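Notes follow once the structure below has been shown.
Both backbone and side-chain heavy atoms feed into the values below; hydrogens, waters and symmetry mates do not. Model, not experiment: these values are computed from the prediction.
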Amino acid sequence: KMVWHIKRYKNNMKIIDNFLPKRDFKEIQNLVLGRDFPWFRQSGITFKDDKVDLCYFTHVAYCDKRPNSDFWHFFYDKFLKHIKLNSIIRFKVNCYPRTEKVIVNEPHYDYEEKHKGVILYLNTCNGYTILDNKKKVESIENRLLMFDPSKYHSSTTTSNAQGRFNINVNYK
């Protein structure tokens, strides 16, 4: 059984380092960072017009109340079974390609309706997530961020790794 050290913050944000058992995490990391994982290019990163012409890559494993990926059961078994949730809104894997310097993307919210969210960071790099309270959460592999994705937050690129990889889950 896993024992977590949970850092709690005033705005109900929580950070849990070493969230997944090492074996499950490594299996996810090897799949997503491997050569054969299917990625889909997205123009722009937020619903607002970006200041620069950026793109990123996603793999949406669950949306519209149904699985959307051959990897859905793998992700559920290795990751989601560790999170208490009633219903999933969306499960997606993100890849922000390396840029010369770290670029902070425009603030956005995932959905207007009140819901919960987690981000699982799949690699350690100098990229990060900025929450509405200006709190910066560093990308450290196997770190889980629990937060309110209906509030503004920003993602970034990385300049010291091939890409910044994470899993973003919206749920109730």
Over all heavy atoms of both residues, which pair between [X] and [Y] is shortest? Give the atoms and the distance, please.
{"X": "Cys95", "Y": "Tyr56", "value": "O-CB, 3.4 Å"}
{"X": "Lys78", "Y": "Leu20", "value": "O-CD2, 3.5 Å"}
{"X": "Arg143", "Y": "Glu138", "value": "NH1-O, 3.3 Å"}
{"X": "Gly117", "Y": "Pro149", "value": "N-CD, 3.4 Å"}
{"X": "Cys125", "Y": "Ala161", "value": "CB-CB, 3.8 Å"}
{"X": "Val32", "Y": "Val93", "value": "CG1-CG1, 3.6 Å"}

Count I, L, V, M, F, W, Y as connected when their side-chain heavy atoms are under 4.5 Å apart, and connections chain through other members. Are [X] and [Y] then in the same cluster?
{"X": "Tyr111", "Y": "Leu85", "result": "no"}
{"X": "Ile140", "Y": "Val169", "result": "no"}
{"X": "Tyr121", "Y": "Val104", "result": "no"}
{"X": "Ile88", "Y": "Phe74", "result": "yes"}

Check the surroundings of atom [atom1] in [X]: do more than 12 heavy atoms from other residues, nucleotides or ligands lie under 6.0 Å from it?
{"X": "Tyr76", "atom1": "OH", "value": "no"}
{"X": "Lys81", "atom1": "NZ", "value": "yes"}
{"X": "Asn30", "atom1": "CG", "value": "yes"}

Could you tell me whether the side chain of [Y] reaches within less than 4.5 Å of the side chain of [X], counting heavy atoms only?
{"X": "Ile15", "Y": "Val137", "answer": "yes"}
{"X": "Ile167", "Y": "Ile28", "answer": "yes"}
{"X": "Asn170", "Y": "Val118", "answer": "no"}
{"X": "Ile130", "Y": "Lys135", "answer": "no"}

Do [X] and [Y] have ring centres separated by under 6.0 Å?
{"X": "Phe75", "Y": "Phe91", "answer": "yes"}
{"X": "His59", "Y": "Phe37", "answer": "yes"}
{"X": "His153", "Y": "Phe147", "answer": "yes"}

How long is the span from the [atom1] atom in [X] to the [atom2] atom in [Y], to the nearest 0.5 Å?
{"X": "Asp36", "Y": "Leu31", "atom1": "CG", "atom2": "CG", "result": "9.0 Å"}
{"X": "Glu27", "Y": "Asp77", "atom1": "CD", "atom2": "CG", "result": "8.5 Å"}
{"X": "Ser150", "Y": "Glu112", "atom1": "OG", "atom2": "CD", "result": "9.5 Å"}
{"X": "Ser159", "Y": "Arg98", "atom1": "OG", "atom2": "CZ", "result": "6.5 Å"}
{"X": "Met13", "Y": "Lys151", "atom1": "CE", "atom2": "NZ", "result": "12.0 Å"}
{"X": "Phe165", "Y": "Asn123", "atom1": "CZ", "atom2": "CG", "result": "6.0 Å"}

Give a yes or no on whether the backbone of [Y] and the side-chain of [X] come within a donor-acceptor separation of less than 3.5 Å.
{"X": "His82", "Y": "Leu80", "value": "no"}
{"X": "Thr157", "Y": "Pro97", "value": "no"}
{"X": "Thr58", "Y": "Val60", "value": "no"}

Sole residue of Ile83, Leu145, Asn142 in side-chain contact (heavy atoms from CB on, under 4.5 Å) with Leu120: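 Output: one option passes, namely Asn142.
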What residue among Asn94, Leu144, Asn166 forms side-chain contact (heavy atoms from CB on, under 4.5 Å) with Ile119?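 The side-chain contact (heavy atoms from CB on, under 4.5 Å) with Ile119 is passed solely by Asn166 among Asn94, Leu144, Asn166.
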Tell me whether Arg90 is salt-bridged to Asp64, with the criterion being a basic N under 4.0 Å from an acidic carboxylate O.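 Salt bridge between Arg90 and Asp64, a charged N being under 4.0 Å from a carboxylate O: no.
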Is the shortest distance from a Lys or Arg side-chain nitrogen in Glu141 or Lys26 to a carboxylate oxygen in the other one below 4.0 Å?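 Answer for the salt bridge query: yes.
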Distance-only polar pair, side chains of Tyr128 and Ser155, donor-acceptor under 3.5 Å: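 Checked: Tyr128/Ser155 side chains show no N/O donor-acceptor pair below 3.5 Å.
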Cation-pi between Arg164 and Tyr96: NZ/CZ under 6.0 Å from ring centre and within 45° of the ring axis?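 Yes - Arg164 lies over the ring of Tyr96, closer than 6.0 Å to its centre and within 45° of its axis.
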Geometric cation-pi criterion, Lys116 with Tyr171: 6.0 Å, 45°: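 Relative to the ring axis of Tyr171, which defines the angle, Lys116 lies outside at least one limit.
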Does Lys134 have any side-chain contact (heavy atoms from CB on, under 4.5 Å) partners at least two apart in sequence or in another chain, and if so, which?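 If we apply the side-chain contact (heavy atoms from CB on, under 4.5 Å) test to Lys134, skipping adjacent residues, there are no hits.
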Taking the six-membered ring for Trp, are Tyr62 and Trp72 parallel (under 30°), tilted (30 to 60°) or perpendicular (over 60°)?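 Because their plane-to-plane angle lies in the 30° to 60° range, the rings of Tyr62 and Trp72 count as tilted.
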With sequence neighbours excluded, tell me which residues meet ring-ring contact (aromatic ring centres under 6.0 Å, His included) with Phe25.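 Partners of Phe25 under the ring-ring contact (aromatic ring centres under 6.0 Å, His included) test: none.
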Go through Lys136 and Thr129 one step at a time and tell me if the side-chain contact (heavy atoms from CB on, under 4.5 Å) criterion holds. CA-CA 6 Å; Lys136 183 194 279 189; Thr129 303; over 6 Å; no
Thr158: what forms a side-chain hydrogen bond (donor to acceptor under 3.5 Å, both in side chains) with it, not counting sequence neighbours?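 Counting only residues at least two positions away or on another chain, Thr158 forms a side-chain hydrogen bond (donor to acceptor under 3.5 Å, both in side chains) with Asn126, Asn160.
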